[in-house]
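Heavy atoms only: backbone and side chains are in, while hydrogens, waters and symmetry mates are out.
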Amino acid sequence: MAAVYSGVHLKLKSAKTPWEDKLKLARFAWVSHQCFLPNKEQVLLDWVSHTLVSYYNKKLELEDEVVEKLWAYLDNVIHSRRLQNLLKSGKTITLSFSIVINERLSEACSQKNQQNVGSVLSCSSGILSTPSLSIIYTAKSELLVDLLSKLSELACQQLASDDAVGSQLFSILHLTFVQYLLIQRQQTNPNRVFGQLTSHLLQPCLLLRHLLTTRSWTQADDNHVRQYLSREIRNQVETLLQAGLFQPELFLSYKEELLPEQEPQEKKKGALKNLLLPVNTVQTKLGSGFCEPAIHGPVVASAVSLLYKLFLDSYCKAENHLVCFHMLTRLFDCLRLSGLQQGVGEDTLSPADWSTELLALEQLLNLVLNNDIYNIASDRIRHKEVQFGFYCKLAQMLLSHSQASIPAWFRCLKVLMSLNHLIIEPDLVDLVASAWVDAQVCELRAKKPQETLINTMFQTYSKLRQFPRLFEEVLTVICWPAVDELRLPVLSAGLTVKLRECLLELPPNQILDIVCLLVEKCQLLVPVVEGSADMALKLMTLSSVLHAFLFNMRSLDDVTPSPVVLRVQNLLAKMQQGIICPLIELLQVPRREEKKLDLWLRKVSDSALLLVYTWIEIDTLFGLSCCKYVSPTAETDGVTTASAAKPWDISTFIPGVEEQRWERVMKLASSFTSASKYCLELLALQKMKMILMQTEADVQALQQAAAFIIESGRASMSRGESEPWDGDISAINDLTYPTAHWHLVISNLTILLPYISLNNVQYIANMLLEALVLTRTQEAAADQEPSISIGNICLSLMYSPFLPEMKVLHCAFLTSLINQFARVLPSAAQDSVHLQLLHLSWKTLEKVAQCILLLSKDSSPVILKESQVESCLTLLEITSLLKLDNLLPSDCIRCFLLLLSLIANTRTGASCSKLLSLKFISTCFHLLRCLQAGKNANSVFRVLHASDVLEAIITSQLTASKSFTDSLTVHAWAEYIQEAQASLEHFLQMIVERRQSVRLNLEKFVSFLASCKPDAGAVKSKCWKTWNPAAEQLLLMSFTTLCHVLTLYLQQQPEKKLQSTDILNTQNHHLPVAFIPSVTTLLKADLSHAVRKGWQKNPEELCAFLEQSRVKLYRKFYSQILRDLLSAGAHLQFLQSALRFLAVFCSVPELYPGKENAVTVVFAIKKLLTGPAVTIQVIQNIQVELMEVVVQLLGNCSAEEFYAIMRLLLQGLEMRNTWQQKATEVLSAITLIKLLLSCPLSGDKEKAFWFASPQIITALALQTKEACQDQSLTSTIVVPILETTAALLRQGEGILLNPHHVALAFSILLKVPLDHLKIEDYSNVFLGVHEVLFSIVQCHPKVMLKAAPSFLNSFHRLVASVMVEGRQRGDKGNTDEFEVILKCAHLVERMYSHIAAKTEEFTLFSAFIVAQYVTELQKVTLHPAVKKHLTEGIYHILDLCIDQDIKFLNASLPAGVREVFKDLYNDYNHYHKAKKQGEKKFTA
């Protein structure tokens, strides 16, 4: 034995032994049981460790290949099962090469040598994941800190490169963070932890977090890193920084450094140790170049906001707000923005740098706002406005360096405004100019924050009642010298909405002050506007603002004070005399014909017409709504008579303007496709409204005005060039005018339509169709902004309920559609029927119908290319937007003939996609079915015989089916069959319900179907190559539908007999989906026939009532379905059809073949549910059909069969299924038990089930315990178990008498996870737990009282989880997720009320419930909506508390929790209890 030891040891130590032999010998010695060495494992580890240490200490020279093999050997040893077993047995193994690993990683970081890094990382992973080995790092934290630093640097290098990111490095980094965080929590010296962190970890961790956040992940990157590890490591970095930099013990150091003036106040006895300078240390680390210069700024920016957030999380209390503010200033100094206050660094910031810096500043300011750091009164009284001064300088810096293209710039200003409007007040003019009037904001991402900022200004100055002050500055900026042509509209559509909200809250006089300012500014510009484009543009801007104010202010009414009414009258008169009249005078001056009119004239025209329209609209409105109001036109001398004679004549509102001169103004305005032309249309519309208000309407004037509106925009619409419009009249230009014009026409169709000619109606219909076609083809290019477009206008009209009421337009639109179909189809088709469909006479329609039938019999269809099919599909989609069930009889016939022609007389070409062809035909059938559901559907039979229509459709589809033989497995084919069947069934129902020539039409159709064969010759010769399965499915579908309709028809007429032929025959292959409903229908018909003959009196003699061939067919079909179920997978259509057949078949036990019975079917269903393709979603989709089958099985089976079924289900709940990872077995058993609970049971079956129920609950509890260890089983196992348990408890009311059996449910609830779940899983688990608790409260209240601790603990888990999920977050979060949490909070509130109402004996535990609630409430800040529900719920429990309980809670709760309870109890007394007592007074 000694010889063996000395030989191996000497060979490993010997310098003469080649390294290859040493490595082979070391491997052999490790794995071989024949090599005996005392303490062999330690010897081998010491040898490889010593060798590597010597190599890296330059004491030994080795080739790179040998070093790599040594690392690989060490890696294999560390991860070997042998070493793990030795460590588990308690043997001590020591390692001594952690420094080597760190040095090796250090070399890799410096990129001197990247070899063996994988093996080194694997070694470190093995060491850290093994507690007995990881002590080499955990015993000396400096080594672990060094390792974490090196790993972070390596990760940063990998993230910064273009290479794909692997999982090895990040998994080890994650593991190292875990180990360090454990050690960090155990450290007792906070200064030491702070020093380690700032010296070695702060910079690499901040860089790592930044790179993880900003990396553009690709598919090549490891999925586990991208989705999980990156998020976890970022969270670990934040935890590490908070625990290391901002410990409670360090707050004194921060305070002493940040508030130096307070240093001499309190001195400790004895020598005072030198305090840290933590802020200065952090600033120094952030300022040093620890990364590439290109990313240093973004890294510091992201770090600053993170560090301030962590600082506030640790130290933010009311008494520390000044410290928090000074920390803000010091961190702000780290940003490059701080240099701009001294005029340094402006030129060095690129737009990307500005965006990064401003985003960091925004986050800092939001943290200040959300944590109430800035208290205006405290800052002014106690701290000499130190915070106010800082924020003012910040605002000045932002406004002096305008960045209107960056959204964060607006958001920063918005937060400063929210902190204190006085911060911005000195620079209000600059703010209005740079952020509003002169801001060139074109991108949507910047427009939204800009509107939010301006809305904040509106709200602030509205609440302060200083709105005129704000708009005084706005008008000042508008009148500044500037390039007005480049300015955007002052009030966009979104801002106009916000302005309206503010104006409704303001006193009338303040609004009129602003209107007065606007009128005065306009009056100043009117004399100098001629020839000056700059002044004209300013006038247009002021006019649009004046229009916005007058249109959005609160209207005058009978209760408006008289001084306000008089002031409005004076302002309108001033506006008329001082602005409108001079502008009209300027416009009516005759001018030479110029090639291009000047810009100033265009803008003056726009301003004048906009003000005229505004004035007339407002004047009319005030005259109608306020009896005190007197129009200025009524006061004008010489106009009263004309006005009374023609109150709708526009020229009468403008004194001194003759009709001829007004026409000259109209001619000039009409020459511009701008706001003035649009305002003329608005004036014409206003004229129509005023005429209609008269007792005798002038129809001719109405027709002229309507024609003017339509014709005004015809030329612009015909060009086909338009852009979306935001609704602002002043923003109308050549491209937005068509949109504005079309919006006006469509919005006022109810007024215009009765007075426009048929040609104009057809023009509107044509334009409507043209726009819809264009919208459908350009659907992908959706508008980025929520604005008005021609396509959206047309779609809104199509979806509105008013279009069907406009019969003339409806008819014209259908004519346009038919005309468009005729253009799309080939020229040969145009000469046929489609153009004739444009006529409405009955004779023409009858000729068209006969022509369609003749063409279908001639079998000469029109062949469509793929582009034509796509165009037809677009037109069919537009047709579907019409209310087809509400057409006039003639329109109904035209639409029917159009669809019939497309189905019967068109075919898709060979080059056309099969899926597209099927979609085309399916759409035609779908629309045909919708048309048949209309009230005038029977009008079709005035021009066509029903049997001829059926024959034409089936003939055409049998012919077309030849091209679809290779597409029978695609979803589009099944959809086509469904649509064709639904359409055929509707048509047959129409024939039956019409009760005219029913027999004749159906006999013709039956004889036609009997003569149709897929390929008779092929069947006879057994030559399956020419067999057409598509045609066979069509025939089966037709026969099935006919049988179904006939069955319903004959059931209403018992004297009739159903004569049918055995046309069905099963084959050895899978059953086609279309086959199953037909056999189900026949079986129902046979059973119905047997019932009428008295079969139920002698059920065992079924064959006497059914033909033997039929029974044989049904049994063969049943056997085939059971076989196909096992391989059906997730084929929903097959599963639903097959289960429907089984439900009918199993209702007659005598039909079972041989020795088969209900157990056979249950076994087959159980096998189906265990299939890998059958998911929870699939089970939910077939649940109704499964329920029908189970009801029939259990209702018709014997007691012995039921016992066998129960044994089968209990076997599925055995634990061995879970241990063998057969989750689907468990799920199938749970699903069947849940279905069984919904079935009515009686007698021995009921007794047997409830006898086994304790065993079922116990099995469910054990399954839950195992499933909760794997989060992937939450939705598949845990949720169904909860649903089944709840159903079991509900059904067991009065049956489950043993409280212990019910209490078993608590063992399920206490194990179910409620944290770290996806929101869908959380919702389902929460609802499941709540349903179980609710079932216990409602059905087993005595058990709840006996097991109160378990019940309260289960319910408390729900409350705590809702509080965690419903806490306030910095981001707004997902709306859908919040709705789920709100629903859960509502359920908690209901449960509280049930506990309080159902169980008076529960008063004993009320104080305990309240204590649990406030303890959890103290940990989080709840969202107000969530808090409302929870508070209302706990109030019901407080109703149960007596005074002794309240005293007990005040005495026993900890200090922080006690404060929360006091607030809760005060609110309870103030709101809930007072309300309750008030209600009692009025309760009888």
Side-chain angles (χ1 to χ4, degrees), residues 914-915 918 922 961 964-982 984-985 1029-1041 1043-1044 1063-1084 1113-1147 1151 1156 1160-1193 1224 1227-1228 1231-1232 1235:
K914 296 291 188 295
L915 295 178
L918 286 169
S922 299
S961 66
F964 299 130
T965 52
D966 57 344
S967 305
L968 302 184
T969 57
V970 299
H971 177 70
W973 172 260
E975 189 176 340
Y976 158 68
I977 289 290
Q978 285 180 348
E979 291 294 350
Q981 182 175 11
L984 180 61
E985 185 174 352
E1032 184 183 53
Q1033 286 199 28
L1034 280 168
L1035 277 177
L1036 278 174
M1037 177 271 294
S1038 304
F1039 272 116
T1040 302
T1041 308
C1043 287
H1044 178 65
I1063 60 169
L1064 302 174
N1065 188 18
T1066 56
Q1067 304 293 335
N1068 291 327
H1069 51 74
H1070 285 291
L1071 293 168
V1073 176
F1075 198 89
I1076 303 173
S1078 59
V1079 179
T1080 308
T1081 304
L1082 287 175
L1083 177 56
K1084 285 181 181 178
L1113 166 66
Y1114 298 141
R1115 285 173 177 169
K1116 285 177 65 179
F1117 204 77
Y1118 155 81
S1119 302
Q1120 181 71 32
I1121 278 185
L1122 289 190
R1123 283 194 296 272
D1124 290 353
L1125 276 179
L1126 303 180
S1127 57
H1131 193 338
L1132 281 179
Q1133 196 177 359
F1134 170 80
L1135 290 175
Q1136 290 169 341
S1137 301
L1139 290 171
R1140 289 190 194 108
F1141 172 80
L1142 286 177
V1144 179
F1145 184 89
C1146 295
S1147 65
L1151 283 176
E1156 294 188 17
T1160 312
V1161 182
V1162 173
F1163 184 77
I1165 293 174
K1166 189 170 180 294
K1167 282 292 183 185
L1168 163 69
L1169 296 177
T1170 57
V1174 180
T1175 60
I1176 291 288
Q1177 186 61 46
V1178 173
I1179 293 173
Q1180 290 174 352
N1181 289 335
I1182 62 173
Q1183 191 163 6
V1184 175
E1185 289 78 12
L1186 277 173
M1187 188 69 223
E1188 292 174 0
V1189 176
V1190 173
V1191 167
Q1192 294 297 338
L1193 285 171
T1224 53
L1227 177 61
S1228 65
T1231 304
L1232 288 171
L1235 291 171

[X] vs [Y] side-chain heavy atoms within contact, under 4.5 Å:
X       : Y       : value
Lys1166 : Thr1231 : no
Leu1235 : Val1191 : no
Tyr1118 : Leu1151 : no
Val1190 : Val1162 : no
Leu1142 : Leu1193 : no
His971  : Leu915  : no

What pair of heavy atoms forms the shortest contact from [X] to [Y], and how long is it?
X       : Y       : value
Val970  : Ser967  : CG2-O, 2.9 Å
Gln1133 : Ala974  : OE1-CB, 3.2 Å
Val1189 : Leu1139 : CG2-O, 3.1 Å
Cys1043 : Thr1081 : C-CG2, 4.2 Å
Val1161 : Cys1146 : CG2-SG, 4.0 Å
Thr1040 : Gln981  : CG2-NE2, 4.3 Å

- Within the side chain of Thr1080, is there an N or O that forms a donor-acceptor pair under 3.5 Å with the backbone of Ile1076? yes
- Task: Say whether, by atom type as modelled, one donor and one acceptor occur between the side chain of Ser1147 and the main chain of Val1144 under 3.5 angstrom.
- Result: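 Yes.
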Atom pair [atom1]/[atom2] of [X] and [Y] - distance to nearest 0.5 Å:
X       : Y       : atom1 : atom2 : answer
Glu1032 : Met1037 : CD    : CE    : 13.0 Å
Ile1121 : Phe1141 : CD1   : CZ    : 5.0 Å
Leu1122 : Phe1117 : CG    : CZ    : 11.5 Å
Leu984  : Thr1041 : CG    : OG1   : 5.0 Å

Taking only residues two or more places apart in sequence or in another chain, which ones pass side chain to side chain donor-acceptor pair (under 3.5 Å) with [X]?
X       : answer
Gln1192 : Asn1196
Gln978  : none
Ser961  : Asn1028

Could you pull out every donor-acceptor pair under 3.5 Å between side chains of residues 1180-1188 and any protein atom, sequence neighbours left out?
| from | atom 1 | to | atom 2 | distance (Å) |
| --- | --- | --- | --- | --- |
| Asn1181 | OD1 | Gln1177 | NE2 | 3.4 |
| Asn1181 | ND2 | Gln1177 | O | 3.2 |
| Glu1185 | OE2 | Arg1140 | NH2 | 3.3 |

- Message: Suppose we screen for side-chain contact (heavy atoms from CB on, under 4.5 Å). Which residues come up paired with Lys1167, at least two apart in sequence or across chains?
- Response: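 Residues passing side-chain contact (heavy atoms from CB on, under 4.5 Å) with Lys1167: Leu1126, Phe1163, Thr1170.
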- Message: So, using side-chain contact (heavy atoms from CB on, under 4.5 Å) as the criterion, who are the partners of Leu968 when residues are at least two apart?
- Response: Trp973, Pro1029, Ala1030, Gln1033
- Message: Taking the ring centre of each residue, are Phe1145 and Tyr1114 less than 6.0 Å apart?
- Response: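 They do not qualify: ring centres at least 6.0 Å apart.
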- Item | Leu1227 and Val1174: CA distance, side-chain angles, deciding distance, side-chain contact (heavy atoms from CB on, under 4.5 Å) verdict | CA-CA 10 Å; Leu1227 177 61; Val1174 180; over 6 Å; no
- Does the side-chain contact (heavy atoms from CB on, under 4.5 Å) test come out yes or no for Leu1169 and Thr1224, once each step is laid out? CA-CA 7 Å; Leu1169 296 177; Thr1224 53; over 6 Å; no
